[in-house]
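A quick write-up on the structure given underneath.
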Amino acid sequence: MFGLLVRTGAAQTTPAAPVSASALAPKKQLQALRITEAIKLDGQLDEAMWQQAPIATDFIQNRPNPGPPEKHKTEVRVLYDDANLYIGAVMHDVSPDSILRELTARDNFGNTDFIGIFLDTYHDNLNGYGFFVTTGGVQMDARYSPAGGEDFNWNAVWDSRTSLRGTDWVAELRIPYSAIRFSQTAEQLWGLNFMRQRKRENQAFFWNEVKPAVDGFVNQWGTLGGVRDVKPPLRLSLTPYISGYVNHNPISEEGTRRTTTSFNGGADVKWGINESFTLDATLVPDFGQVQSDNQVLNLSPFEVQFNENRQFFTEGTELFNKGNLFYSRRVGATPIGFYSVQAGDKEKILKNPAETRLLNATKVSGRTSKGLGIGVFNAVSNDVYATIRNNETGEEREELTQPFSNYNIAVLDQSLKNNSYVSLINTNVTRFGRTYDANVTGGLFRFANKKNSYAVDGRVVYSNRRGNVFHSDELIDDPDGYKYQLGISKISGNFTWGVNHGIESDTYNPNDLGILFGNNNISQGIYGNYNRYKPFWKVNNLSTYFGIDQSVLYKPTRYQKTNIYGGANTTFTKNFLTTGFNFDLNPVNRDYFEPRAFPLGNYYVRVPANGNIGTFVSSDYRKKVALDLNAGIRVYEQEERFERPRRFGIGFGVSPRYRVNNKLNFRYSLDWSTNRNQIGYVNPSRGDNGSLSNKYPEDATILGASPGAILLGRRRVVTVSNVLTAAYTFTNRMSLTVRTRHYTSTVRYLDFSRLTPGGTEEPVAYTRNRDNTFNAFNIDAVYSWWFAPGSQISIVWKNAGSTFLQANEATPLYFDNLNNTINTPHNNSVSVKILYYLDYLAIRPRRA
């Protein structure tokens, strides 16, 4: 393998000596050219200045075969003036038919070629920006950081044009300085790289070679010089919005309107405090147009973690995600008293909001020229009340379910040499009134050696909660807790490995602003990876992984589980078929969380030794018709304690996609799974707080004989999910997407047992029907038009309905569930939202 060295300000290259596949490639350099005349953004590059600028060329292939130089040349030039950075790129090819150009919505890669530019404006080799444009002119942008990796949720306001020119295609980008952050120095030195994708051959090339065997991405970029006497501009923009909703709820309570309308208004503000830091604020935000959550039937002892779809909480949050202590869905989440609302004998709950409305949210973030990243996030939510009506008198009363609350995060993140860093994070939730507050403080670090071949990393976190349980005089029972983790790893080369150890105390609880599925844990593990990045035999590459994890309870110290796992995947050279497999093996484990009995340690569900094997196949997405398949099976050993059938689980998924043309495509996915003879905690009936309730005679009998009894059930669980998505892209700035999802999960109980301390189960003659079926149906139709940079009109239709069927109403028949879901009254909502981006630099009065 040969590296390529570009001399400063020149296009010439000289070959370097062979270097190791895990050693950084030599850094190329490019000079930007200052201009004084205006550039017309038209994708033509016909101004004379383009011909005078130094050229970045001789790209190096990254996939499918890392190392060889490109055959079809790419030529990129960089210009700049006092306000913008300009990138002009010419991508040579063999014919117009070789240049693929599918249209997609913004931030979506399709079956198309693209060119990308990467900027590390503080030259810290850790954090950067990416700007991409496809042959059809579709824009994508991303942030790069150790915490967030490649984050396409970040959006900037910039402009671009593309054109076809014979056998070439041309891209012209204008990136205003207001879209990036950089220091106020006389001459800038930025990290720089370019990436080209030739989708026809599934090839990707970088100007400065990016080696897959080297740890890190930003540290493998070249440099951009020549940008002199530019000042970070006043970054001040206002994006006001107005929105209107028409909502029809056919199952509204008596005395309320089924069809309602609402109008909202607010704004997003972005202010560059100085050259390094930016303030983002959303005032009276409206998140009603975000994609619906994928509701599921949750039989586990842990909450369901949903994706974050609100742009304010996904954009530019890489600093706040350090240490994984921030789960943004906590902000504006379900009120803490939502499930405790109770109506009296002569009352009914008229309204119980499931979401907390935010008043505002603000974040300040940036990085100094010395590599210190600083982030501060703050959000405020108002009081939330449930409304309860007396059926006889008609009088209504309100019950507080969420007090006025403040959410805050502060982060310090210092970038160090050799792809290293140290960070300090604090999260805080303050609730007004008689309840509790929460605070979490964490420190984390990563130190790599000079060769970027080995690293040590770790974290220490302390959680603190003070006050009373909401609506109670009872004090919080987990006031102080801690967590630490330490790891040592080999991070570069074909073979990498690592060992780690960590503890989460029994009172560690970051869940007020973070998410944790289970504490009280001591864990350790060892893992390894062996990868081959260059083609061999009939495949392009090979990726393998393997490891062993083991854990015990922290208090009391008792064995929990051991897990041995591994897998591999590869892509075949000729047809680009990707396939792989995974497996895991587990000796007899103890599940201390499934019984829902606290404190942990006395009760556990014994899980027999078991093993799983899964596989997947993905065909070539360049074809009009492509297919993804996956399947897996888990088999358990026969239990000797009971005459029970052997447990097993099996599932499969199939997802065909069809691209009609460069504007229209369809994708369908079907996922089916069944778990036979699964042993688990009997999930509560709707309206009940626990598995057993004295209001049912069958339950009262068991509770009378054994107060506090834990009921387990042997059950069959069948889950089916269908998702159909259709997308039509009118232009590179206008699209329509329709997503339809139907989900059904059925639980049928076969027999029951009472769990006793030590994992013993005693069969019980329990006759109450605990079967249940959950159905969810959603349609999300979104029309989006970016009519100007940063400005958008969106029209959204949402159709949603769900049913929870219990006992005799539950049915395992799929088409009965589908028919029930379709015929159940659905909530319908149509909304229109208009955003208009106002940049101070564009609207300020011009000086004569």
Side-chain angles (χ1 to χ4, degrees), residues 6-11 27-57 74-90 115-124 127-133 139 141 143 156-162 170-195 207-208 218 221-237 272 274-276 278 367 369 789 839-842 844:
V6 175
R7 296 176 182 171
T8 302
K27 299 280 189 177
K28 293 183 178 182
Q29 298 176 346
L30 182 71
Q31 290 289 107
L33 177 66
R34 175 179 274 279
I35 60 174
T36 56
E37 299 178 9
I39 289 287
K40 181 181 179 181
L41 204 67
D42 54 10
Q44 298 300 319
L45 305 186
D46 50 6
E47 291 87 356
M49 294 84 76
W50 286 118
Q51 307 310 315
Q52 300 170 16
I55 306 172
T57 187
T74 306
E75 299 173 350
V76 188
R77 298 167 172 87
V78 177
L79 308 177
Y80 74 99
D81 58 21
D82 289 336
N84 305 285
L85 196 70
Y86 301 89
I87 297 91
V90 179
I115 185 71
I117 176 174
F118 303 94
L119 298 171
D120 173 9
T121 52
Y122 289 102
H123 208 208
D124 64 4
N127 302 276
Y129 302 90
F131 301 89
F132 307 81
V133 62
Q139 293 182 344
D141 35 33
R143 289 291 300 269
V157 178
W158 53 287
D159 210 353
S160 62
R161 295 292 186 274
T162 61
V170 182
E172 196 170 19
L173 291 70
R174 178 172 59 216
I175 302 173
Y177 297 140
S178 58
I180 57 179
R181 305 173 192 176
F182 54 93
S183 62
Q184 194 165 0
T185 57
E187 181 173 358
Q188 302 291 328
L189 181 64
W190 295 347
L192 174 72
N193 214 346
F194 303 105
M195 178 186 180
W207 171 60
N208 202 94
V218 181
W221 299 354
T223 58
L224 176 68
V227 180
R228 299 181 179 90
D229 302 321
V230 297
K231 296 182 179 180
L234 174 61
R235 291 176 285 118
L236 178 60
S237 65
N274 56 28
E275 70 272 13
S276 299
T278 301
R367 192 171 295 274
S369 59
D839 188 347
Y840 170 78
L841 296 177
R844 64 180 175 177

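Heavy atoms only, all atoms of each residue included: D839 and S178 are closest at OD2-OG, 4.2 Å. The heavy-atom pair separating N193 from W221 by the smallest distance is ND2-CD1, 3.4 Å. Closest of all the heavy-atom pairs between P789 and V157 is CB-CG1, 3.8 Å. Here the closest heavy-atom approach between residue F118 and residue G130 is recorded as CD2-CA, 4.0 Å. What you find for S183 and Y122 is that their closest heavy atoms are N-CE2, 3.8 Å. Taking both residues in full, the closest heavy atoms of A171 and I115 are given as CB-CG2, 3.7 Å, listed atom of the first, atom of the second, then distance.
Of the inter-residue distances, the one linking Y86 atom OH with I39 atom CD1 reads 6.5 Å to the nearest 0.5 angstrom. Of the inter-residue distances, the one linking Y840 atom OH with R235 atom CZ reads 15.0 Å to the nearest 0.5 angstrom. Put simply, OG1 on T162 and CG on D42 are 11.0 Å apart, with the number rounded to the nearest 0.5 Å. In this structure, the separation between CD on Q29 and CD on Q31 is 7.5 Å, given to the nearest 0.5 Å.
T223 has its side chain within reach of L189: a pair of non-hydrogen atoms, C-beta onward, lies under 4.5 Å apart. For the pair L30/V78, a side-chain contact is recorded, criterion being any heavy-atom separation below 4.5 Å from C-beta on. Looking only at side-chain heavy atoms (C-beta outward), R77 and I87 stay at 4.5 Å or farther from each other. Two residues are said to be in side-chain contact when any heavy atoms from C-beta on lie closer than 4.5 Å; Y177 and F182 meet this criterion. A heavy-atom distance below 4.5 Å is not found between the side chains of I175 and N84. Looking at L173 and I117, their side chains come closer than 4.5 Å, going by heavy atoms from C-beta outward. With a 4.5 Å cut-off on side-chain heavy atoms, W158 and L85 do not count as touching. No side-chain heavy atom of N208 sits under 4.5 Å from any side-chain heavy atom of L192.
Outside the 6.0 Å centre-distance limit, the rings of F194 and F132 are not counted as a close aromatic pair.
Taking the ring axis of Y129 as reference, the NZ or CZ atom of R143 stays within 45° of it and closer than 6.0 Å to the ring centre.
A side-chain donor-acceptor contact under 3.5 Å links Q139 and S160.
For E37, the CD atom is loosely surrounded, since the number of other residues' heavy atoms within 6.0 Å does not exceed 12.
Contact check on K231 versus D229 returns no salt bridge, with no Lys/Arg side-chain nitrogen under 4.0 Å from an Asp/Glu carboxylate oxygen.
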Can you list the steps and then say if R161 with E172 is a salt bridge (charged side-chain N to carboxylate O under 4.0 Å, His left out)?
CA-CA 5 Å; R161 295 292 186 274; E172 196 170 19; over 6 Å; no
Between D82 and R34, is a salt bridge (charged side-chain N to carboxylate O under 4.0 Å, His left out) present by the stated rule, with each step listed?
CA-CA 9 Å; D82 289 336; R34 175 179 274 279; 2.9 Å; yes
The test is side-chain hydrogen bond (donor to acceptor under 3.5 Å, both in side chains); show your working for R181 and T278 and say whether it passes.
CA-CA 9 Å; R181 305 173 192 176; T278 301; 3.2 Å; yes
Test side chain to side chain contact (heavy atoms under 4.5 Å, CB included) on L79 and W50 and set out the steps.
CA-CA 8 Å; L79 308 177; W50 286 118; 3.6 Å; yes
